[in-house]
Number of protein chains: 2
Amino acid sequence: MDKELFQKFVAFTTAVHQITSDISKDIKAEALTPLQYKILEYIAVSQPVTLSEISDCMHMSMPNTSRELKKLSEKQLCDKITDPADRRKQGITLSPAGEAMMNEAFQHIAIRFTERIGDLTEEQRKEIERALDLLQEKVFY
Amino acid sequence: MDKELFQKFVAFTTAVHQITSDISKDIKAEALTPLQYKILEYIAVSQPVTLSEISDCMHMSMPNTSRELKKLSEKQLCDKITDPADRRKQGITLSPAGEAMMNEAFQHIAIRFTERIGDLTEEQRKEIERALDLLQEKVFY
DNA sequence: CTCTTTCGTTATCAAATGATAAGTAAAGGA
DNA sequence: TCCTTTACTTATCATTTGATAACGAAAGAG
């Protein structure tokens with residue numbers, strides 16, 4: 001019953017949400033809804049992905065997932081490749097245009113991130129890296 | 001241009017979003033929309049708060065903020081108190097019922113958090129606490 | 001070859017959220 | 001006093017997102 005630790009956890013996750021939302025606020029590029037952007041982000045880091053996986057991880061129903069993915073395909077931002085081993089499944093990847101868009105988005109985020117930690121020493125960055133590793137391994141796995 | 005650090009940052013924030021969303025998935029209690037829940041969460045940690053502050057921090061327009069807050073008031077989950085020093089302003093707080101609801105929500109989250117870190121030693125928890133403090137101070141401030 | 005299950009689609013409807021225009025009331029300055 | 005700005009409200013409309021029913025096509029089991 002680590003009450004203090006839990007409170008820090010809550011405050012921390014709140015701060016992470018706040019900062020990432022600030023940092024990527026006006027990013028959601030050309031003609032993308034917030035949901036669509038999030039889906040692209042997910043595809044970008046988990047490529048290749050199946051529709052069911054997106055549906056599970058993002059807590060959305062298959063029909064809605066299918067609809068949004070269709071829109072993304074129509075915008076030429078992602079590709080669907082039917083799995084030859086099981087033709088019901090589709091491997092979804094970013095298209096070259098999708099990669100380009102996400103790279104640009106990540107670059108904007110990278111710039112703001114750099115501003116944020118700009119005045120830290122090399123030693124402090126190492127510390128931060130260790131902290132990130134630790135938390136990701138023990139808490140956010 | 002700390003590329004590796006930035007990549008860890010992205011992976012980390014993604015993981016935090018993923019885990020917090022998993023952890024608080026089926027929480028959004030009785031007759032609350034996701035937005036309304038987030039607003040309550042914000043009020044809970046920043047009490048008392050003005051409408052403009054909510055509007056700013058949550059990146060929503062004043063009219064929409066006003067509308068959602070009206071709904072929350074009608075549900076008796078928060079109170080508005082006109083600032084006697086400037087009667088245009090309203091200090092918004094959780095009502096007793098709102099406090100109760102958020103406490104319950106936080107307890108559910110606390111339980112899942114405890115499950116998550118249940119098998120760690122006291123020493124490891126101290127480490128985690130230090131890591132949270134460090135990151136919050138240097139990165140997510 | 002049926003039967004069932006898995007993976008995905010299409011269509012449709014309802015609810016939540018975003019955007020904008022117009023208005024009120026208090027505060028503050030000239 | 002009059003004018004401007006700030007804080008918030010009300011009303012309205014468009015878009016996004018969520019939920020559900022019904023369907024198709026491939027895979028796997030018996």
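Since we're looking at a predicted model, the values are computed, not measured. All values below were derived from every heavy atom in this structure, side-chain atoms included, with hydrogens, water molecules and symmetry-related copies excluded. Proteins get letters first, then strands, A, B, ... in listed order; numbering begins at 1 in each.
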Whole-Å distance between [N] [atom2] and [X] [atom1]?
{"X": "A/Met58", "N": "D/dT17", "atom1": "CE", "atom2": "C1'", "answer": "12 Å"}
{"X": "A/Met60", "N": "D/dT16", "atom1": "CE", "atom2": "P", "answer": "14 Å"}
{"X": "B/Lys75", "N": "C/dA16", "atom1": "NZ", "atom2": "C1'", "answer": "11 Å"}
{"X": "B/Ile92", "N": "D/dT9", "atom1": "CD1", "atom2": "P", "answer": "7 Å"}
{"X": "A/Glu68", "N": "D/dA19", "atom1": "CD", "atom2": "P", "answer": "13 Å"}
{"X": "B/Leu35", "N": "C/dA15", "atom1": "CG", "atom2": "P", "answer": "17 Å"}

CA sep, side-chain torsions, deciding dist, call: B/Ile92, B/Gln47, side chain to side chain contact (heavy atoms under 4.5 Å, CB included) = CA-CA 7 Å; B/Ile92 294 154; B/Gln47 245 166 2; over 6 Å; no
Quick one: do A/Lys138 and B/Glu123 make a salt bridge, cutoff under 4.0 Å?
-> no
Under a 4.0 Å heavy-atom criterion, the protein footprint on nucleotides 6-13 of chain C, written with B, S and -, is BSBBBB--
Examine distances only and state if a side-chain atom of [X] and a backbone atom of [Y] form a donor-acceptor pair shorter than 3.5 Å.
{"X": "A/Ser55", "Y": "A/Thr65", "answer": "no"}
{"X": "A/Tyr141", "Y": "B/Ala15", "answer": "no"}
{"X": "B/Gln124", "Y": "B/Thr121", "answer": "yes"}

Rounded C1' spacing from C/dT6 to D/dC23 in Å | 14 Å
Is any side-chain heavy atom of A/Phe113 less than 4.5 Å from a side-chain heavy atom of B/Val10?
-> no
Closer than 4.0 Å, any side-chain N/O of B/Thr33 to the OP1 or OP2 of C/dT17?
-> yes
Quantified as the angle between the terminal helix axes (five pairs each), what is the overall bend of the helix from C/dG8-D/dC23 to C/dA30-D/dT1 to 10 degrees?
-> 20°
Pick from A/Glu74, A/Lys80, A/Gln36: which one makes a side-chain contact (heavy atoms from CB on, under 4.5 Å) with A/Leu69?
-> A/Lys80
Might you work through the salt bridge (Lys or Arg N to Asp or Glu O under 4.0 Å) test for B/Glu68 and B/Lys71, ending with a clear yes or no?
-> CA-CA 5 Å; B/Glu68 295 311 314; B/Lys71 290 180 192 164; 3.4 Å; yes
Quick check: are there more than 12 heavy atoms from other residues, nucleotides or ligands sitting under 6.0 Å from NZ of B/Lys75?
-> yes
